[in-house]
Each structure stands twice: as structure tokens, then as C-alpha cells.
Protein chains: 2
Amino acid sequence: MSEIPTEDAWLAGALRDLARAPGTVLGIGHDVAAVRLASDRVAVLAKDVIVDGTHFHLDACGPRAAARKALAVNVSDLAAAASVPVAFLLGLVLPRPARRDLFDGLMAGFADAAREMDCALIGGDTNVADGPLVLSVTVLGRPGPMGVLSRAGARVGDVLSVTGPLGGSGHGRHLTFRPRVAEALALAAAGVPRAMMDVSDGLSRDLPRLCRASEVGALLEGDAVPVHPDVGAPAGSRAALDRALDDGEDFELLLAHAPLSPRVAADLAARGVRLVRIGTTRPAAEGVRLRWEGSSEPLEARGWDHLAT
Amino acid sequence: MSEIPTEDAWLAGALRDLARAPGTVLGIGHDVAAVRLASDRVAVLAKDVIVDGTHFHLDACGPRAAARKALAVNVSDLAAAASVPVAFLLGLVLPRPARRDLFDGLMAGFADAAREMDCALIGGDTNVADGPLVLSVTVLGRPGPMGVLSRAGARVGDVLSVTGPLGGSGHGRHLTFRPRVAEALALAAAGVPRAMMDVSDGLSRDLPRLCRASEVGALLEGDAVPVHPDVGAPAGSRAALDRALDDGEDFELLLAHAPLSPRVAADLAARGVRLVRIGTTRPAAEGVRLRWEGSSEPLEARGWDHLAT
């Protein structure tokens with residue numbers, strides 16, 4: 001009845017060659033999606049929403065990179081739980097007037113990202129509104145070798161480690177990062193993590209969250225924190241450390257674990273997992289502190305605040 | 001570090017007294033949520049996004065009614081699949097600057113709706129952006145007595161029925177409707193539906209979808225379509241029928257089924273399920289047609305188009 005293709009027509013075009021999730025009972029084109037969860041009955045779910053102008057800049061990065069990030073941040077949450085991605089649902093809010101090229105670019109990006117991350121699109125919803133592009137992804141997974149890991153479970157005296165360098169993600173890595181699913185599953189297969197999360201809002205905000213959930217404190221060793229070259233501040237400087245602690249969107253894993261035996265360390269190294277030790281957990285009463293140049297100070301949470309104006 | 005409460009603080013306040021989903025393995029405050037799916041392994045998922053200015057008007061209805069609608073439209077999708085709601089995730093995009101009273105009103109609305117619809121909040125994500133309020137809900141369910149019903153499965157010669165009157169939902173019912181979960185589960189327990197969906201975009205748009213999925217046609221009896229008094233057009237008029245067909249957001253169930261035996265009909269009536277017969281399925285080659293005043297015409301899909309500008 002109109003010049004504008006309908007949602008059904010757009011979807012039919014964009015979804016034609018999408019991969020199917022293993023175990024799909026019901027896929028796109030119905031009121032619900034349904035997936036069989038292999039050998040166990042636990043559904044693991046993550047839901048992160050990203051918005052143009054805040055988490056990406058559509059004009060600069062284009063729809064494919066935005067779509068990839070929308071899926072990657074959710075898959076990263078599953079990695080934090082050492083769980084295995086299975087499928088995802090997509091809620092799109094397109095800026096009015098809805099443009100077919102934007103829709104098609106997004107769907108092409110989601111199709112590529114779905115293949116890359118082995119996680120099939122199984123359903124969702126598309127709308128148009130007077131506002132920025134909103135990409136709302138919900139990813140469904142199944143538990144990995146240690147079940148569903150969480151931020152709780154760290155014990156006093158555990159080692160705190162990260163899987164890679166932090167800071168400066170805004171120079172491009174926030175769009176191109178690879179979710180640490182393989183690393184998380186290797187760590188879980190070796191029985192290593194006691195508590196784990198991904199560093200999305202900055203270590204200075206996320207480490208206290210892990211500590212609160214585990215009811216422990218922490219002493220972070222400032223000179224042990226791996227700083228990414230992208231921070232652009234002199235190596236070893238406090239400015240560089242602050243960027244590593246506060247920038248956020250690193251999407252490396254942060255975990256608490258017992259000291260690694262040489263055998264486990266060698267096994268992880270053989271699987272390409274490199275853990276960088278950044279501190280230890282302490283009794284909760286000591287709080288979360290940062291050691292820098294011989295003295296310690298409270299770790300100030302200056303990372304990303306989703307509700308800051 | 002700021003006058004504005006952080007996401008963590010807001011959530012801690014709002015979520016304190018939320019009910020817990022049965023089978024919750026991991027709830028709010030971690031990177032993922034995880035739920036044990038009782039006796040089977042199929043995760044049923046629905047994801048519908050609603051936006052201020054399009055699906056509700058926040059200034060007129062307030063945050064509690066908006067939150068209720070966001071959950072209800074998703075629970076209605078589970079009803080369409082004759083599946084049982086278990087838990088939901090919430091993706092919030094708040095208009096900038098984020099207002100605590102809006103956040104608290106929404107969370108109170110979601111808490112009330114969660115109790116009403118027996119579906120617990122288990123996780124989600126909160127953001128702020130320069131745009132309208134976006135409520136993105138993903139609901140997780142488990143299969144009902146017939147498994148996961150879909151739009152496919154109708155056979156030529158089936159009866160087409162709806163569970164209640166259509167049209168005029170914009171006068172208020174689009175906010176206050178009760179998702180037809182009880183009706184769907186009673187129908188499934190009696191083995192009745194062959195194909196089912198909820199009427200969200202208007203019968204004139206949704207019936208052809210059921211027919212496409214089932215590879216059948218349909219003959220809709222115009223004078224049998226139950227018209228809601230809210231349409232405000234003279235009973236029995238074509239204007240009233242068109243409103244019933246096109247307005248949308250009815251959230252009644254539309255189903256195809258074999259003719260009911262008197263025993264099944266009595267059993268359903270005893271459970272409070274009232275089916276109104278509105279037509280029959282036909283061979284696909286006949287298309288989807290509407291009989292009105294003795295002649296038949298193609299059913300024009302004039303219902304809600306999510307991407308219309």
C-alpha cells in the first residue's frame with residue numbers, strides 16, 4: 001500500500017542467507033524463537049544495548065561495524081561467564097525515516113558477525129523512531145566446562161589477572177575487539193577461574209564490582225597493569241595507568257584464581273591464553289586499593305557511568 | 001565521583017524487592033543471567049522493543065503503564081506459542097538527562113508487571129541517549145503442553161478463530177490488555193491449535209502472515225469478526241469492520257484448528273476460553289480473502305507497518 005517496503009519484505013531480503021543455529025526449534029518469522037540446549041537445561045542470557053552517539057558513531061564507523069560491536073559486547077558477556085554462545089535476538093530501532101541501505105548494512109554486519117562468533121540470529125523486532133539508532137541484542141548461550149561462572153567466588157588471597165592490555169580502546173579496538181570466548185573456555189576447561197567478568201566499563205569501575213560480588217577487597221599493583229600502546233601516554237607514567245584503568249571497553253577478561261601450577265600455566269600458554277597478573281584479593285575490610293610508587297591509595301571508580309549526563 | 005547516582009546505585013535501590021525466578025542460577029548483577037529450564041531443554045524467546053511516541057506516550061500514560069506494556073507485549077508473544085513465561089531481561093535507553101524518578105517509576109512498573117505475569121526480571125542493561133525512551137524486553141519461556149506452537153501448521157479447511165474482540169485498542173486497551181497465556185495453555189492442554197499467533201499489527205496484516213507460514217489461503221467472514229465497542233463506529237458497519245481489521249495492538253490470539261467437538265468446546269468454556277470463529281483456511285492459490293455483503297475481495301493489509309514513516 002506504500003512506496004516503502006514493509007518490515008516483512010525488508011526482512012525477507014536481508015535474512016535469506018543467514019546461518020541457522022544448531023538446535024533451532026523455531027526461527028525467524030514467528031512470534032517466538034526456540035532453541036534446544038544440547039545436553040543441559042540451563043539457558044545463559046546476556047542483554048546489552050548500544051546506541052549511536054554513545055557506544056559508536058554511525059557516520060564514522062558505518063552500519064557493519066556497529067552491528068558487529070552490538071553482537072560482540074554481548075558475546076563478551078557470555079565469555080565472562082565462560083559460557084558458549086548459541087544464538088541471538090536483535091531489537092532494532094532505526095532513525096526515522098527508515099532507510100533501506102542502513103537496514104541492509106546492519107543486517108549484513110550481523111550476518112558476518114554471527115558467522116565470526118558462531119552465534120546465529122534467531123529472531124527479533126524492528127521499529128522506527130525519532131531518535132538515534134539503537135541496537136539491542138540478547139544472546140543465548142549454554143554453560144561451559146565449569147557451568148556458569150560469575151563475579152562471585154573469589155577468595156581472599158586469590159591472584160587477579162587480565163587476558164590482555166587495557167586502555168585506549170576508543171582509537172578503534174572498541175569496534176574490532178575479539179570477544180574472549182576461546183580464552184574463557186580454555187580457562188574453564190583447566191578449572192582456573194573462581195570469579196570472572198569482562199572489563200567493559202574500565203578496570204577502576206569493574207574490579208570493585210567483582211570484589212563486591214565476591215565479598216573481598218583487592219590490592220591492584222599499578223605497575224603490573226598491562227597498558228595498551230593506544231593510550232598514547234608515556235609507558236610507565238601515571239597518566240598511562242589512569243587511561244588503562246578508566247577508559248573502558250577493553251573487553252578483556254578479569255579473573256580471580258589460585259596461583260597457577262607450572263603445568264596449568266604451560267597448558268594455557270599452549271592454547272594461546274596469556275594471563276597478566278595485576279594484583280591479589282584482600283579481606284573485604286581493606287577495600288579496593290591501588291599500589292603506585294610504593295604507597296597505596298583507594299582505587300577511584302572513574303570508568304564509564306552509563307547514566308552520567 | 002559525581003552528584004548523579006550511578007547505574008549500580010540506582011539498580012540497587014530499584015531491584016531490592018524484585019521476585020526471583022524459579023530456577024534462577026544467576027540473576028541481576030553479573031555479566032549474564034542463567035535459568036534452569038525445568039523438565040525440558042528448549043528455551044523459548046521473544047523480543048519486542050517499544051518506543052515512546054510510537055507504542056506509548058510517556059507524558060500521557062506514565063512510566064508504570066509503559067513498563068507494563070513492554071513486558072505484556074512480550075508475554076503475549078509467548079502466549080502465541082502456547083509457552084510458559086519464566087523470566088525476562090530489560091534493556092533501557094533513558095532520554096538524556098537520566099531522571100531518577102523516571103527510572104524508579106519504570107522499575108516499579110516492571111516489578112508489578114513481573115508479579116502480575118509471573119515472570120521475573122533476571123538481568124539487563126541501562127543506558128542514556130539523546131532520544132525517546134526505549135524499552136527493550138526479552139522474555140524467556142519454556143514449552144507448554146503442545147511444545148512450541150507457531151504460525152505454521154494450519155491445514156486447508158481449518159477453522160480460524162480469535163479469543164476476543166478486535167479494534168479500538170488505542171483508546172486504552174493497548175496499555176491494559178492481559179496477555180492470553182491462560183487461554184493459550186488451556187487451548188494447548190486440549191490439543192486444539194494447529195497454528196497460532198497474537199494479533200499485534202492488525203488482523204489484516206497478521207492473518208496473511210499465519211497463512212504464509214502455513215502455506216494456506218483463507219476466507220475471512222466479515223460479519224463474524226468480533227468488533228470491540230471501542231472502535232466507536234456503528235455496529236455492523238464496514239467502518240467498524242475496517243477498524244477491527246486494521247487498528248492492531250489487540251493482543252488476542254488468532255488460531256487455526258479443527259472444528260471443536262462439543263466436549264472440547266464445553267471444556268474450554270469451563271476454563272473461561274471463548275473462541276470466536278471468523279473464517280476458514282483455503283488452498284493457498286485462493287489467497288487471503290474477505291467476505292462482506294455476499295461477495296469476496298482480497299484482504300488488504302492495512303495494519304501496522306513498523307517501518308512506515
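By convention in this document, chain letters (A, B, ...) are assigned in the order of the sequence lines, proteins followed by strands, and residues within each chain are numbered from 1. FYI, side chains are in, hydrogens and waters are out, and symmetry mates aren't considered; it's all heavy atoms of this structure.
Ranked by heavy-atom pairs shorter than 4.5 Å toward chain A, the options Pro132(B), Ser83(B), Ala79(B) are led by Pro132(B). Note: Ser136(A) leads Gly53(A), Gly91(A), Ser136(A) in heavy-atom pairs under 4.5 Å with chain B. The most heavy-atom pairs under 4.5 Å with chain A, out of Val134(B), Leu210(B), Leu90(B), Asn74(B), come from Leu90(B).
Leu78(B) touches chain A through backbone and side chain together, each having a heavy atom under 4.5 Å away. For a residue to count as touching a neighbouring chain, one of its non-hydrogen atoms must lie under 4.5 Å from one of that chain's; by this rule Asp130(B) touches chain A with the backbone only. Within the 4.5 angstrom heavy-atom criterion, only backbone atoms of Val137(B) (N, CA, C, O) approach chain A. Heavy-atom distances place both the backbone and the side chain of Leu45(A) under 4.5 Å from chain B.
No side-chain donor-acceptor contact under 3.5 Å links His55(B) and Asp48(B).
Remark: of the listed residues Asp101(B), Thr126(B), Leu94(B), Leu94(B) is the sole one forming a side chain to side chain contact (heavy atoms under 4.5 Å, CB included) with Leu106(B).
Shortest non-hydrogen contact noted between Pro143(B) and Val84(B) is O-CG2, 4.4 Å. Nearest approach of Ala98(A) to Val128(A), heavy atoms of both residues: N-CG2, 3.9 Å.
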Problem set entry | Trace of the side-chain contact (heavy atoms from CB on, under 4.5 Å) decision for Phe177(A) with Val73(A) | CA-CA 9 Å; Phe177(A) 74 93; Val73(A) 298; 4.0 Å; yes
For this session: Could you walk me through whether Val75(A) and Phe88(A) pass side-chain contact (heavy atoms from CB on, under 4.5 Å), step by step?
Result: CA-CA 9 Å; Val75(A) 169; Phe88(A) 73 103; over 6 Å; no
